[in-house]
Amino acid sequence: MEKPQIIAHVQKSLNFTLFDTKWIPCSAKFVVLGNHPRGTGALQVYEVSHGDVKLLHESEKSSSFKCGTFGASSLQQRNFATGAFDGKLQIWDLESMQIPIYSVKGHKEIINDIDGVGGLGIGEGAPEIVTGSRDGSVKVWDPRQKNDPVAAMEPGEGEDKRDCWTVAFGHAYNQHDRCVCAGYDNGDIKLFDLRNMSLRWETNIKNGVCCVEFDRKDISMNKLVATTLESKFHVFDMRTQHPTKGFASLTEKAHKSTVWNVRHLPQNRDIFMTTGGTGTLCLWKYNYPDKRVTQDSDKVDMGVAGTVSLLQNVTMSTQPIASLDWSPDKQGLCVCTAFDQVLRVVIVTKLNRHL
Amino acid sequence: MNEDKMIKLQQQMRENQLEFSDFLKDLDTWEADIKKKEEQLKSAPVEEQKLPPVRNSLEVKKKKRRKKKKADTETKTGEDKKSGRISGYDFRAWDKFDVDKALEEIDSRPDKSSSSSEYETDEEWEMERKRKMAVLEKEKGNQLFKEGKYEEAVQCYTMGMNADPENAVLPANRAMALLKLEKYAAAEVDCTSSLSLDPTYIKAFHRRGTARTALGKLQDAKHDFQQVLKLEPNNKQASSELNKIEEILNPKPSPSISAATPGTVKPVYKPPGQRSKKPLKRIEIEEIGADEEARKIEASIASIQATQSEGKRKVLEGDAKLFEKFTSATRLEEEKSSVLSHNGSLKSNDLKDTEHRHNLSKSPTELSPRKETRQSPRQNKNITQSSSTPSTVDGKLTSFQFQAEWKRLKNDNAAFFDYIKQVDPAKYPQLFGQSLEADMLMKMLTVFAEFFNKELNLFHHLKGLSEVKRFDMATMFMSPKEKKVTAELFEYMKSQGTASKEEIEKLAKKYHL
């Protein structure tokens, strides 16, 4: 009875490979990013309108786009930051796409993931963008500072350069505190504290980390979901850090294939959607335990993991669904892209019954 | 039981359907709402948010001290370093940045110690940081420039200029790199902007001068180098550059030209402003070896001059005046042609020589006005042959000169005949070039018909004419009357007997007779 439905509202087949999609805040429009077969970058803006999507504008750029975010832009400007195959971080004014308003060759290789914070009224402090690249480095950028990152986390001399697949901001609950979480192809998860400029925590989940996301960026770290290459995802309770055991976590099997992506519902931080390599979408709800904190034998606080329950799952495509984005303005509305070159506007009903 | 389930399922489906259609309706209204909201957002005035400073720009200072201490302790406890230091990333970028900042701080500490804090405001701090960054970029650029990596050096300077737009050195340095890249126009612009920041920056003037020379703006370049010399009078490079430009602007005669025709003196053209204001003075000529004789001759000339009758003097004066009239008219043409043919400077020795010769044959009354008009001696020489000749001809007559003379004299048949008879007929093809018109040809022929006499070898002249290009074309336009004139000429030619009959017949054919 209470089960939400996941319904494909609009499906649109496109002629390029889709890598990422993001809603334009405060609108019924979204951006899709990808690459054309000829190796150029594709960026299109669509608007949802009466059961259909209208292409508003598109542009083609020299290098393929891998990822994008509005996270560091003000709600008024809504500039779009993109990461490209050639390692360039660029910020675009979507109204005039001829030249980027910010451009830097941030990495030597492809930028796999990007995240922003400090804009859109989400997260305290300076607007910042974090990029993770195949060259092994994670860099934090401030759009006000040209050419150089404000922070760079790179493997030291002699250390292996691991492919960084995913990055996420979190813990931005005041002007000073801010964390970046990065996931690597060898299963490493590293949590960088930008306030202290130090590595706060690291772990290995034994499997390539496809996606990490905090349930909220603008609160004191609460939960972190990390999805892996081989049909599992982990949820960490980030409230209580044990000096040796770190954060409590749970592991859940899902999708029977790579879990490509995880996105928390903006209107309810305990509900999140994972996307799978077989074209499936799974909607999950996290259930907190009775007590989130216990004490170990030495009377040191340690966290207690809760449980997750599957609310709904549905097969959308035959190909991996690589990206998904919830509309920040309309609960239950999301857009996802799959490698079958189809973008789908998806409606999830009855979400409010799980508040 | 089963039925119950079915009913429940049906009920749920209906409910789902309802829920979905509700959502869609809701979505439609939301779409409209959000559009309105977006419009409002767009039209709303831009609020200036107070954003925190850029990370690691302001905090760097405080942090660095802490870090330094840390580094000290770390080096002491080598083992602890590993556990204390974080694996998986490093902050070399910051460390590098910090070192510069630390140096800067040490430099600036003595002056700043009096003030309560390092900088009053964030803005000042930011300004200072940018200025330092610009200096760093400049040094980086200079290093790259030394290595010959001009493109990269330009980039560094550009970044430096962005950081500190008030630094006059950066654009000047970029200009230097641009000069190396042969981007002269851009270099010129950079120098100009550098000079606008520091109008006494010698290097910028010098580089702009170089750029402008390359761009062909010689006057401007000259001005720049003059500025350099004004600011630094013993700048050898600038003065040599300036000389080079002067040479291009006012080319000196190449010695080969004057050497080709020894003995001839070409007039010097100088714009009136540059001419010497000093009165011309006579230079006494001493002939070495024949001193005694020369003196005697001079003495005799002087005595002859002194004893010349008053009447003759008047005649001569009249002649001189007449000559003045002609020469003043021809002078412009002469000067023009001399400029065109890039004739060189007057050689005073040669001039003296020719004058001396004239002195021997002519009275000074006639010579002095000519000297003042700066006539070329070669004209004087001709005047000794026939003082009534309006214009003179020598071996170096050019087509241009001839055309000019033609235009001037075509209404005065007598003068024109005097002129033409001096011209070597063999030179006609060269003199007329492509420009033999029918009227010109007819003029020549009528002049010949009117004034021919024994002195003139008519055959040669007519033959010369017939060899001019476009002669055929010109003869075609001859009217019967004109043909008659030509026929008369041929008749005369036969009687003159300077050429064989066969040759005359041949020529007649060319004239379509």
Side-chain angles (χ1 to χ4, degrees), chain A residues 1 3-5 7 9 24 26-29 47-51 74-78 118 124-128 137-140 142 144-157 159 162 175-176 178 182 184 188 190 192 194 197-200 202 329-330 332-333 347-350, chain B residues 8 11-13 15-24 26-35 37-49 51-57 59-60 63 66-67 84-94 96-97 126 129 133 137 155 159 162-163:
Chain A
M1 279 299 249
K3 264 191 165 182
Q5 306 173 79
I7 300 148
H9 178 49
I24 300 176
C26 199
S27 77
K29 294 181 272 192
E47 182 169 33
V48 180
S49 171
H50 308 293
S74 76
L75 201 57
Q76 209 144 26
Q77 289 170 324
R78 293 181 294 177
E124 293 280 327
E128 281 177 340
S137 60
V138 173
K139 291 180 181 176
V140 182
D142 190 313
R144 295 169 297 173
Q145 178 174 308
K146 289 199 190 313
N147 302 320
D148 291 309
V150 294
M153 285 74 88
E154 298 171 310
E157 299 279 355
E159 277 182 64
R162 304 308 313 203
Q175 291 259 330
H176 311 293
R178 190 165 289 183
Y184 297 83
D188 275 348
K190 293 176 198 284
F192 304 106
L194 291 181
M197 287 296 170
S198 64
L199 181 71
R200 178 158 172 186
E202 70 179 320
D329 301 294
K330 176 69 183 160
L333 188 64
I347 286 171
V348 183
T349 59
K350 293 190 219 175
Chain B
K8 252 191 174 173
Q11 200 183 340
Q12 197 183 331
M13 276 175 73
E15 199 185 316
N16 282 351
Q17 203 60 47
L18 201 71
E19 188 91 19
F20 182 56
S21 60
D22 277 356
F23 192 99
L24 286 186
D26 198 29
L27 193 65
D28 275 355
T29 54
W30 171 79
E31 278 165 17
D33 285 352
I34 201 81
K35 250 187 187 166
K37 209 172 154 191
E38 199 182 358
E39 286 305 316
Q40 278 172 3
L41 192 72
K42 272 183 190 167
S43 56
V46 180
E47 290 166 39
E48 266 306 309
Q49 279 177 291
L51 289 170
V54 174
R55 186 182 299 277
N56 296 319
S57 60
E59 297 156 12
V60 153
K63 184 162 294 166
R66 218 188 302 150
K67 268 209 162 169
R85 240 2 229 198
I86 316 107
S87 67
Y89 73 99
D90 79 18
F91 296 108
R92 270 169 297 172
W94 293 316
K96 199 180 159 202
F97 194 60
E126 184 67 12
R129 192 183 70 85
M133 215 162 85
E137 288 294 346
Q155 273 183 2
M159 280 196 277
N162 288 338

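Protein chains get the first letters and strands the later ones, always in sequence-line order, with residue 1 at the start of each. Nothing here was measured: the structure is a model prediction, and the numbers come from that model.
- The line from CD of B:E39 to OG of A:S27 is 11.0 Å long, rounded to the nearest 0.5 Å.
- A distance of 8.0 Å separates CG of B:N162 from NZ of A:K146, quoted to the nearest 0.5 Å.
- The shortest side-chain heavy-atom distance between B:D22 and A:T349 does not fall under the 4.5 Å cut-off.
- By the 6.0 Å and 45° rule, A:K350 does not stack over the aromatic ring of B:F23.
- Using a 4.5 Å cut-off between heavy atoms, A:L75 contacts chain B through both its backbone and its side chain.
- Put simply, the side chain of A:N147 reaches to within 4.5 Å of the side chain of B:M159, judged on heavy atoms.
- Side chain of B:E31 to main chain of A:H50: a donor-acceptor pair is present (N/O by atom type, distance under 3.5 Å, no hydrogens or angles).
- One finds the CD atom of B:Q17 at 7.5 Å from the CD atom of A:Q5 (value rounded to the nearest 0.5 Å).
- There is no contact between A:D148 and chain B, counting heavy-atom distances below 4.5 Å.
- With rounding to the nearest 0.5 Å, the separation of NZ in B:K35 from OG in A:S49 is 5.5 Å.
- Heavy-atom distances place no part of A:R162 under 4.5 Å from chain B, backbone and side chain included.
- Salt bridge status for A:R144 with B:E126: absent, with no side-chain N to carboxylate O gap under 4.0 Å.
- With rounding to the nearest 0.5 Å, the separation of CG in B:D26 from CG in A:L333 is 10.5 Å.
- Chain B forms more heavy-atom pairs under 4.5 Å with one residue of A:K29, A:E47, A:H9, A:R78 than with any other, namely A:R78.
- Note that the CD atom of B:E38 and the CG atom of A:D329 stand 9.5 Å from one another [nearest 0.5 Å].
- Scanning both residues, A:A126 and B:P52, for their nearest heavy atoms gives N-CG, 3.2 Å.
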